[in-house]
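Have a look at the structure below, then the notes.
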Amino acid sequence: MKLTIIGAGPGGYVAAIKAAQLGAEVTVVEESAVGGTCLNSGCIPTKTIIASTDALRKTKTLSDFGIELASEAIPNLSKIIERKNKVVSNMAKGILALFKNRSIKLVEGKGSIISPTVVRVEKKDGSTEEVHTDKIIVATGSRPAEIPLFPFNGKTILSSTDVLSLSEIPKSLIIIGAGVIGCEFACIFSELGADVTMLEMLPRAVSTEDSEISEALEKELKKKKIKLMTSAKIIDCITFNDSVKITLDNGKEISGERMLVSIGRALNTENLGLENAGIDKGFKGEIKVNHQMETNVPGIYAVGDVVGGMLLAHVASKEGVVAASNACGIPVDMDYSVVPAAIFTSPEIGSVGLREHQALERGISINTGRFQFRGLGKAHAIGEISGFVKIIADAETDEVLGVHIIGPNASDLVHEGALAIKSGLTASELGDMIHAHPTLSEALMEAAEDVHGEAIHALKK
Ligand code: NAI
């Protein structure tokens, strides 16, 4: 079976490897670099930069740990970016090696669908190639959405991609949108010494998280002197040679050397020839798929951001595995019931399952338990005591429905919660499991015990 995949991001390249494992003859068409947004301008670059800002932050408390620094630690953004580029290029080489190892053919250029069995590739040199195929997976991802009133100019009004190549730390940075990207960059640039102001149109930051997590993050942002204005409405923006000035509907004016716009993502579903094959799209421009990730056209699948669900690399990869399996004749359904998510602010956020408001909206009666990291010896030992774990359990069955963490290593810790939900564990069962001491994971055990008021290291309520 010949399979052609358009897009080599975490949806497309994972689908390619899975299909090759299952015996398909796979061609991947990619117009830019393999790895997509995740590797080139998203997850990996930002986490690499965060490793630098984490190291910088640690230097500020070194004397608390008994280490004297002879002189002040100074961030060098060019070197930080150079390291980021090296990490990205090594990972890209890894993907290419996996392709070679699995005999996956990579065709560089812009792919579009001519018919359900033909993909045309326009190459950079102007030539075109037609790839004849049995099945197709569309995995073309998304791009930063812009505000029509003041589109990206790459100099003062920046996208999350532009911001990754800045050679100098701006003195002041305005960030529009206090979602995942906005909050991650706010932490990065404030650690680097920029004066950061965030504007969010909704009443709270990271509004898709549990409200207690948003509230805790807002406090942490405040500690870093990041100014967050919620329920903000921008009515005007003027750009100067080396700065930006915005006006809010309440008349307030805010100026900054640079401005990052992180208000969500636009789906790359245009100019792909979807209409040539009669593929249905939804009202947001997303490609409509069924549980097997198949579009309305048999043999054409779509995965990742283009299907418009959760715009997360790990969701795209799982969808890629599901689409590849189905394309290769192995029926599998995509299961979105347990999707852990992580936000790499400092401290980090990890969440899975229902938020409290979602449980209440669904009419589920719940019990909640919390445990502050400051109650743990390990948190004190490493000097990271901010944050807590919150567990939401069904009041009738005691089943764990949601786990929400803000604090050290939250992005890793959340997976214990994910496994608990996936396995249908009760809060009592989670709390009953022996957790190694001294670890940060003990916070999950204690939060689970706290669902029934039984946490050992918490004061009686
Ligand atoms: P987002 O949807 O997380 O946040 C955008 C924010 O901008 C929202 O709070 C929204 O209310 C606000 N907003 C929209 N228009 C506005 C306006 N005109 N003025 C002020 N505020 C406005 O989108 P974001 O942060 O751009 O991230 C895009 C996607 O990438 C998300 O779906 C996210 O899940 C994903 N992502 C995931 C990461 C992770 O898993 N760690 C890291 C970065 C991005």
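We're numbering straight along the sequence, starting at 1. Every number for a ligand or one of its atoms is a count from 1 in the order of the listing.
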**Request:** Evaluate side-chain contact (heavy atoms from CB on, under 4.5 Å) for Val87 paired with Ile44, printing each intermediate quantity in order.
**Result:** CA-CA 8 Å; Val87 170; Ile44 303 303; 3.9 Å; yes

**Message:** Using side-chain contact (heavy atoms from CB on, under 4.5 Å), reason through Glu212 and Arg370 one step at a time and then give a plain yes or no.
**Reply:** CA-CA 11 Å; Glu212 281 178 58; Arg370 287 165 198 74; 2.7 Å; yes

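Considering backbone and side-chain atoms together, Leu312 places no N or O closer than 3.5 Å to any N or O of ligand 1. Close N/O approach between Ile234 and ligand 1 is not found [any backbone or side-chain N/O within under 3.5 Å]. Between Val180 and ligand 1, an N or O atom pair is found at a separation short of 3.5 Å. Checked against a 3.5 angstrom limit, the closest N/O atoms of Ala232 and ligand 1 fall outside it. Here's the thing with Ala178: none of its N/O atoms is less than 3.5 angstrom from an N/O atom of ligand 1. Checking only distances, Lys47 never comes within under 3.5 Å of ligand 1, N or O to N or O.
If you check each of Gly177, Ala341, Gly264 against atom 2 (O) of ligand 1, the one with the closest non-hydrogen atom is Gly264.
When hydrogens are left out, the protein atom nearest atom 4 (O) of ligand 1 is Gly179 CA, 3.2 Å; that is the closest non-hydrogen contact. Residue, atom and distance of the protein heavy atom nearest to atom 18 (N) of ligand 1 are Ile147 CD1, 3.9 Å. Ranking protein heavy atoms by distance to atom 35 (C) of ligand 1, first place goes to Leu311 O, 3.4 Å. When only non-hydrogen protein atoms are considered, atom 13 (N) of ligand 1 lies nearest to Ile263 CG2, 3.8 Å. In terms of protein heavy-atom proximity, atom 19 (N) of ligand 1 is closest to Ile176 CG2, 3.5 Å. For atom 8 (C) of ligand 1, the closest non-hydrogen atom of the protein is Glu200 OE1, 3.5 Å. Distance from atom 40 (O) of ligand 1 to its nearest protein heavy atom, with residue and atom name: Ala342 O, 3.2 Å. The protein heavy atom nearest to atom 28 (C) of ligand 1 is Arg265 CG, 3.3 Å.
Atoms of ligand 1 lying under 4.0 Å from any heavy atom of Leu202, numbered from 1 in the order shown and given with element: 11 (O). Atoms of ligand 1 lying under 4.0 Å from any heavy atom of Leu199, numbered from 1 in the order shown and given with element: 20 (C), 21 (N). Near Phe344, meaning under 4.0 Å from one of its heavy atoms, ligand 1 places the atoms 41 (N).
Ser346 and Lys224 get closest at one heavy-atom pair: OG-NZ, 2.6 Å.
Looking at Lys227 and Asp195, a side-chain N of the basic residue comes within less than 4.0 Å of a carboxylate O on the acidic one, giving a salt bridge. The residues Lys223 and Glu220 are annotated as salt-bridged, a charged nitrogen and a carboxylate oxygen being separated by less than 4.0 angstrom. A salt bridge links Arg57 with Glu191: the closest approach of a Lys/Arg side-chain nitrogen to an acidic carboxylate oxygen falls below 4.0 angstrom. Ion pairing between Lys47 and Glu184 holds under the 4.0 Å rule for side-chain N and carboxylate O. A salt bridge between Glu209 and Arg204 is absent, with no side-chain N of the basic residue lying under 4.0 Å from a carboxylate O of the acidic one.
Proximity of Ser160 to ligand 1, defined as any heavy-atom pair under 4.0 Å, is not found for any part of the residue. Both the backbone and the side chain of Ile181 come within 4.0 Å of ligand 1, counting heavy atoms alone. Under 4.0 angstrom from ligand 1, the non-hydrogen atoms of Glu184 all belong to its side chain.
Paired with Val403 under the rule side chain to side chain contact (heavy atoms under 4.5 Å, CB included), one option of Leu354, Val352, Asp210, Ile392 passes, and it is Val352.
Within 6.0 Å of atom NE2 in His291, 12 or fewer heavy atoms from other residues, nucleotides or ligands are found, so the atom counts as exposed in its surroundings. By the 6.0 Å contact criterion, NZ on Lys219 is open, its count of non-hydrogen atoms from other residues, nucleotides or ligands being 12 or less. Residue-environment remark: CD (Glu108) stays at or below the threshold of 12 foreign heavy atoms within 6.0 Å.
Among residues at least two apart or in separate chains, salt bridge (charged side-chain N to carboxylate O under 4.0 Å, His left out) pairs with a member in residues 246-267 are Asp242-Arg258, Lys245-Glu253.
Of the protein's heavy atoms, none falls inside 4.0 Å of atom 31 (C) of ligand 1.
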